[in-house]
Amino acid sequence: MCGMPSAESTRAGVHEPEPVPPTKEDAVAAAGSELIGGPLGRRALLGTSWWKPVRVIALVAIGMFVLGLVQKAPCYNGAWFYGASSQYTHACYSDIPHLFQGRGFADGLVPYFDRLPGDMQYLEYPVLTGVFMEVASWLTPGSGTIQDQEQWYWMVNAGMLMVCAAVIAVCVTRTHARRPWDGLLVALAPAFALTATINWDLLAVALTAAAMLMWSRGRALAFGVLLGLATAAKLYPFLLLGPLLVLCWRAGRWRDFGTALGGAVVAWVVVNGPVMLFAFEGWSKFYTFSQERGVDFGSFWLIMAQNSDDPLKTETVNTLATLLMLVCCAAVAVLALTARRRPRFAQLAFLIVAAFILTNKVYSPQYVLWLVPLAALARPKWRDFLIWQACEVAYFLGIWLYLAYTTSGEAHKGLPTDGYHWAIGLHLLGTLYLCVMVLRDILRPDRDPVRRSGDDDPSGGVLDGAEDVFVLGPAARPKRHEMARIEGAAVDWGRQGATGGSL
C-alpha cells in the first residue's frame, strides 16, 4: 500500500530516510522562510555543504543565547548592584551574581559541607548543580571588588551555560533523524534566550536532552546514566521514567527499561552518595527547602492565596499538589495503555513534565527551559509552539514588572497584583493549550506532524515500530484495518497488536 509506512516498517536504523523539509508541511515555517529566500526548492542539494542542519541550528542557538546575554546588559552594568527595583524594571534579573556571595562562593566555602552565615544554612541546590556552581567559582578571578567578582562569576557561568544550550540544540536536532530542522524550535525560542542565564537549569536540561538522544538510538544504559545525572542536577528529569515504564510495559520491553532504570539509579547514587555520607544535613537542604517552601511565584496556588482571607497552609498545599500530580500520572498511564496507537515517548514526556509544572506550588520563569526541548519533539508545529512561547514571554515580563511594583515603594512602578495574576493565567493557559494539542495528536495520530511524515516513534528507540503486547480498553480489540486519510492518500497506521499482518 502506498502512503505512510506501517509501524513495523519504520523501525529505527532500518534505512537512512529522506529528511522532512518543514516548509513543505508547516505554513508558518514556509512563511518564515521568506526571510531567507523562501521554501527549500525541489532540486536543492541536501547534505552537500558544510552548512548541515545540525551546524546551522547550533550556531543559531548560540546566536540567540548571545542576544539573551545582551538583554541582561543593563543589570550587568549596574542594576544588579544599585537599586532594588531597577533589575526588575529592565527585566534582566539573574540569581547567579547574587548567589556568588550569598551562598559562600566568594568566601571559598565548600557547598553542603560548610554552613552559610545567613538565613539559608546550606546551598539549596542538588549536588551536580552545586558542583557546576563551584567549578564556575574556581574559574572566577579572586581579585578586584566584590562587584567585579560577581560580574566575572556571571560571565563564567554564562559561558558554561552556552555550551549547555548548544548541546540541547544539537541533541534535539539529532533525536528525530528525518526532522532535523525541528531543532530550530529550540534554537529560536524567545523564552529560551530570555531565561537561559537566570539560574542553572540548562545543565539538567542538556543532560535530559542528551538522554533522550541516547534512548532514540536504542542505548538504554547511556540514557539511564544521563538521566540519573540530570536528576542529580534538578529533580524533574526523573519524571521521564514514568512514561517510559508504561510504554515499555505496553511494548513488553522490560529489559530495556530495567537497564535504563539501573543506570539512572547508579549514576544518581555515585554523584549524591559521597555528599549524603559525609554531609547529610547540607545534602538534604534541597529536599527540606522544597518541602518547607511556601506558595510562591507563578502558580495558581499563589492566585488562590492572594485572593483568600484564610490561605491554605504549606503542608496542605504540599498534600494537594502531590495528589493532583498523582492524578495526572495516573491519567498519563491510562492514556499510554489505552490509546489506539501507542503514544510517542516525547509526547508523554512533555505531558508529565507539563503536569508537574502546572500543579507545582512555584513556577520560576526559567522552568520553561524544561519544556522547550520536549515541546519541540512532542509537537513540532510552529504555530502552536509560538502561541505557547508568546504566553511564556508575557509571563517573563509580568513577573519582573510585578516585582518592580512591590519593590518600588510608594512609586508603585510596574504591574499590580491583579495584573500579575493575569500573567500567571496566560502562562497556565499557554501550557494547557500545548498539552491539549499533544493529547489530540495522541488520540488522532493522523494530526501528529511526526506521524504524518511516515514515522512511528523516532524518539522511542526500541519502542519505534515495536508491537504491542499489553493494551487495555478498545485498543485491546482493534479492527484489522485501522485507516486514516491524509490529503487524499490512504495511510496504514500499522497493526495494533502482536497479531495481524502488515497491510
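Everything quoted here is computed from the prediction, not taken from an experiment. If you read the sequence from its start, that first residue is 1, and numbering goes on from there.
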Side-chain ([X]) to main-chain ([Y]) donor-acceptor, under 3.5 angstrom:
X    : Y    : answer
D464 : D457 : yes
R174 : A169 : no
Y153 : M133 : yes
T316 : L312 : no
T129 : Y125 : no
T319 : E315 : yes
T406 : L403 : yes
W80  : Q87  : no
Q389 : A191 : yes
T431 : L428 : no

Quickly, which of [options] forms a side chain to side chain contact (heavy atoms under 4.5 Å, CB included) with [X]? Name it, please.
X    : options                : answer
V269 : V265, V266, V271, N272 : V265
R344 : D448, I442, L463, V438 : D448
L184 : V172, T173, V60        : V60

Tell me, do [X] and [Y] make a side-chain contact under 4.5 Å, heavy atoms counted?
X    : Y    : result
I168 : F192 : yes
H98  : D95  : no
L240 : V353 : yes
R179 : P458 : no
P237 : L207 : no
L335 : V332 : no
L213 : R219 : no
W215 : T175 : no

Heavy-atom closest pair, residues [X] and [Y]:
X    : Y    : answer
S94  : T197 : OG-O, 2.7 Å
T89  : A404 : CG2-CB, 3.7 Å
A251 : A466 : CB-CB, 4.3 Å
L161 : L202 : O-CD1, 3.6 Å
F105 : P111 : CE2-CG, 3.7 Å
A196 : L369 : CA-CD1, 4.1 Å

Given K285 and M120, is the side chain to side chain contact (heavy atoms under 4.5 Å, CB included) satisfied, shown in steps? CA-CA 9 Å; K285 184 60 181 178; M120 189 67 66; 3.3 Å; yes
Can you check side chain to side chain contact (heavy atoms under 4.5 Å, CB included) on V372 and W388, steps first, answer last? CA-CA 10 Å; V372 169; W388 169 58; 3.8 Å; yes
Does [X] have its ring centroid less than 6.0 Å away from the ring centroid of [Y]?
X    : Y    : answer
F396 : H427 : no
W370 : Y236 : yes
W400 : Y93  : yes

Atom pair [atom1] ([X]) and [atom2] ([Y]), whose distance is rounded to the nearest 0.5 Å:
X    : Y    : atom1 : atom2 : answer
R250 : D468 : CZ    : CG    : 4.0 Å
Q71  : L67  : CD    : CG    : 10.0 Å
L320 : M325 : CG    : CE    : 15.0 Å
L109 : D107 : CG    : CG    : 5.5 Å
W301 : T359 : CH2   : OG1   : 8.5 Å
F238 : F356 : CZ    : CZ    : 7.0 Å

Taking it one step at a time, do L235 and F286 satisfy side chain to side chain contact (heavy atoms under 4.5 Å, CB included)? CA-CA 10 Å; L235 186 61; F286 165 70; 4.1 Å; yes
Full working for side-chain hydrogen bond (donor to acceptor under 3.5 Å, both in side chains) between T259 and D256: CA-CA 5 Å; T259 300; D256 297 286; 5.8 Å; no
Distance-only side-chain donor-acceptor flag, Y287 / E292, under 3.5 Å: no
Going by atom types alone, do W154 and E150 pair a side-chain donor with an acceptor below 3.5 Å? no
State plainly whether the residues [X] and [Y] are in salt-bridge range, i.e. N to O under 4.0 Å.
X    : Y    : answer
K381 : D384 : no
K361 : D296 : no
D456 : R341 : yes

Decide side chain to side chain contact (heavy atoms under 4.5 Å, CB included) for L348 and I352; before the verdict, give the C-alpha distance in whole Å, the side-chain angles of both, and the deciding distance to 0.1 Å. CA-CA 6 Å; L348 295 190; I352 204 69; over 6 Å; no
Students often mix this up, so state it plainly: with edges at 30° and 60°, are the rings of Y367 and Y363 parallel, tilted or perpendicular? perpendicular
Angle class for the Y420/Y402 ring planes (parallel below 30°, perpendicular above 60°, tilted otherwise)? parallel
With a sphere of 6.0 Å drawn around [atom1] of [X], does it hold more than 12 non-hydrogen atoms of other residues, nucleotides or ligands?
X    : atom1 : answer
F278 : CZ    : no
W254 : CH2   : yes
Q101 : CD    : no

Go through it in stages, so that I can follow the logic: the residues are F470 and W249, the test is ring-ring contact (aromatic ring centres under 6.0 Å, His included), and I'd like the CA-CA distance, side-chain angles, deciding distance and then a yes or no. CA-CA 7 Å; F470 181 80; W249 184 4; 4.8 Å; yes
Hey, mind stepping through D441 and R379 against salt bridge (Lys or Arg N to Asp or Glu O under 4.0 Å) and telling me if it holds? CA-CA 8 Å; D441 289 347; R379 176 68 179 167; 2.8 Å; yes
